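Read through the structure below, which is laid out as structure tokens, and then see the notes.
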Number of protein chains: 2
Amino acid sequence: MDIKTVCLGLLTFGEASGYEIKKLFEDGTFNGVFDASFGSIYPALTRLAEEGLVIAREEEQHGRPDKKVYALTPAGHARFVASLVAGIQPDRVRSEFSMAMIFAHLLPEATAQSYIDQHLAETRDALRRLDVADQDPGSQMPNLKFAIGLGRARLQAGMEFMERHRHMIGLAAVAPAPGGQG
Amino acid sequence: MDIKTVCLGLLTFGEASGYEIKKLFEDGTFNGVFDASFGSIYPALTRLAEEGLVIAREEEQHGRPDKKVYALTPAGHARFVASLVAGIQPDRVRSEFSMAMIFAHLLPEATAQSYIDQHLAETRDALRRLDVADQDPGSQMPNLKFAIGLGRARLQAGMEFMERHRHMIGLAAVAPAPGGQG
DNA sequence: ACGAATTTATATCGGAACGATATATGCTCG
DNA sequence: CGAGCATATATCGTTCCGATATAAATTCGT
């Protein structure tokens with residue numbers, strides 16, 4: 001699923017600017033689900049407008065820069081649904097934290113432990129954001145509750161595991177040396 | 001953390017070819033931690049060799065194409081440790097499945113349910129691969145056990161949540177319509 | 001009160017990464 | 001005996017990211 005398709009999806013919930021779409025990735029229900037940079041979002045919206053899948057409207061603001069608000073066209077809505085029905089790809093994770101843990105024997109124990117603290121803090125932040133999204137009266141649809149609940153379950157389980165097992169990081173590997181020579 | 005750095009990390013466990021590195025992302029401990037395509041791995045290894053961070057060795061094989069086996073140099077090892085100590089970025093997730101659930105109201109219920117079945121199957125596969133990695137006598141280091149256990153905890157929690165709450169998908173949203181005008 | 005930093009807002013450019021494709025070889029299965 | 005699959009590397013066009021530029025207003029510290 002490319003960025004253009006994701007933008008179409010977000011716009012099914014109502015019109016938005018590029019900046020607001022980026023905020024949705026960081027704060028709301030989509031935190032931990034998808035992410036994209038400004039460098040992808042703005043060109044994506046421009047191309048979608050060229051293809052007639054969204055329409056742009058310039059909105060003048062007082063006390064803030066003007067913004068370009070995009071709204072879905074019927075063709076855009078149809079395109080999004082078609083791409084969803086066509087199938088989905090497996091989830092992709094890129095966890096620098098897990099990488100750091102796998103290679104924890106190569107770094108000072110204090111560094112590894114600080115990475116755990118850092119990751120716990122990020123996880124708590126993400127949980128808090130999901131709680132806010134869960135309370136939001138605009139998120140009462142069962143499928144939204146499901147997606148939020150799934151994110152919560154995974155984060156919670158990861159947090160509990162880290163708290164219970166963080167003592168494993170920093171332990172030297174006691175290799176039994178089966179042959180006994182050494 | 002770019003692909004070059006990840007390749008350096010994998011090579012701290014021993015020499016490997018580009019093809020074998022790709023397999024590590026799919027089968028082993030690194031499943032669900034990181035991923036990269038051949039189109040990134042091969043150029044990355046070429047550049048690392050140019051920089052003197054790895055050395056390449058051509059290995060002739062009978063009944064198979066020759067392979068280029070790469071091994072870490074001391075400079076490569078130092079570079080990897082330095083980049084790990086320099087700090088890590090937050091985890092990134094790209095879940096087309098969660099996207100599909102968020103927009104489940106736009107697709108046929110049978111499609112949404114089949115996506116859940118598909119995702120459950122993928123999760124079970126991933127859990128099985130982690131179990132194999134956990135049993136591997138080469139994975140007895142506590143930090144490896146920690147990384148594998150963390151992955152297991154998250155996958156397990158997600159699976160249990162999906163099984164317990166999948167009935168939420170397909171329920172029509174009963175909007176109370178506070179104003180009453182429709 | 002005044003400059004600094006932050007927030008809101010869009011655009012672009014170079015480089016990194018992906019996905020598809022090409023090439024080559026041998027094995028397995030029907 | 002041909003089709004398809006596993007092993008193995010390489011490359012190319014497209015997409016995407018990260019950094020940077022621009023701009024206007026608000027907030028914050030001193």
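Just so it is clear: chains get the letters A, B, ... in the order the sequence lines come, proteins before strands, and each one is counted from 1. All values reported here derive from a predicted model rather than from experimental measurement.
Separating the CZ atom of Arg47(B) from the P atom of dA10(D) is a distance of 13 Å, rounded to the nearest angstrom. Counting to the nearest Å, the P atom of dA16(C) and the CD1 atom of Ile41(B) are 16 Å from each other. As a whole-Å value, the separation of Tyr19(A) OH from dT7(C) C1' is 5 Å. The distance between atom OH of Tyr42(B) and atom C1' of dT7(D), rounded to the nearest whole Å, is 9 Å. With rounding to whole Å, Asp35(A) atom CG is found 19 Å from dT15(D) atom P. Rounded to whole Å, atom C1' of dA10(D) lies 15 Å from atom NZ of Lys22(B). Remark: C1' of dT21(C) and CZ of Phe38(B) are 13 Å apart, rounded to the nearest angstrom. Atom CZ in Arg92(A) sits about 13 Å away from atom C1' in dC16(D), given to the nearest Å.
Considering only side-chain atoms of Ser37(B), the nucleotide from dT11(D), dC18(C), dT7(D) that sits closest is dC18(C).
Between Glu26(A) and Lys23(A) there is a salt bridge, with a side-chain nitrogen of the basic residue lying less than 4.0 Å from a carboxylate oxygen of the acidic one. Note on Asp134(A) versus Lys145(A): salt bridge recorded, some NZ/NE/NH1/NH2 to OD/OE distance being below 4.0 Å. Glu163(A) and Arg124(A) are joined by a salt bridge, as a carboxylate oxygen and a charged side-chain nitrogen come within less than 4.0 angstrom of each other.
Between Asp2(A) and Val69(B), the residue anchored closer to the 5' end of DNA chain D is Val69(B), taking for each the nucleotide with the nearest heavy atom.
Residue contacts for Ala44(B): at a heavy-atom cut-off of 4.0 Å it reaches no nucleic acid atom on any strand shown. Within the 4.0 angstrom heavy-atom criterion, only backbone atoms of the sugar-phosphate kind lie near Ser17(B); the bases stay farther away. Within the nucleic acid shown, Gly18(B) comes within 4.0 Å of sugar-phosphate atoms alone, with no base atom in reach, counting heavy atoms only.
When the side-chain nitrogen and oxygen atoms of Lys68(A) are compared with OP1 and OP2 of dA11(C), one or more of them lie within a distance under 4.0 Å. In this model, the phosphate group of dT15(D) is not approached by any side-chain N or O of Ser40(A) to a distance below 4.0 Å at OP1 or OP2. Distances shorter than 4.0 Å separate some side-chain N or O of Arg94(B) from OP1 or OP2 on dC17(D).
A cation-pi contact links Lys22(A) to Phe38(A), judged by a cut-off of 6.0 Å to the six-membered ring centre and 45° from its axis.
Here the two rings, on Tyr42(B) and Tyr19(B), have centers that are 6.0 Å apart or farther.
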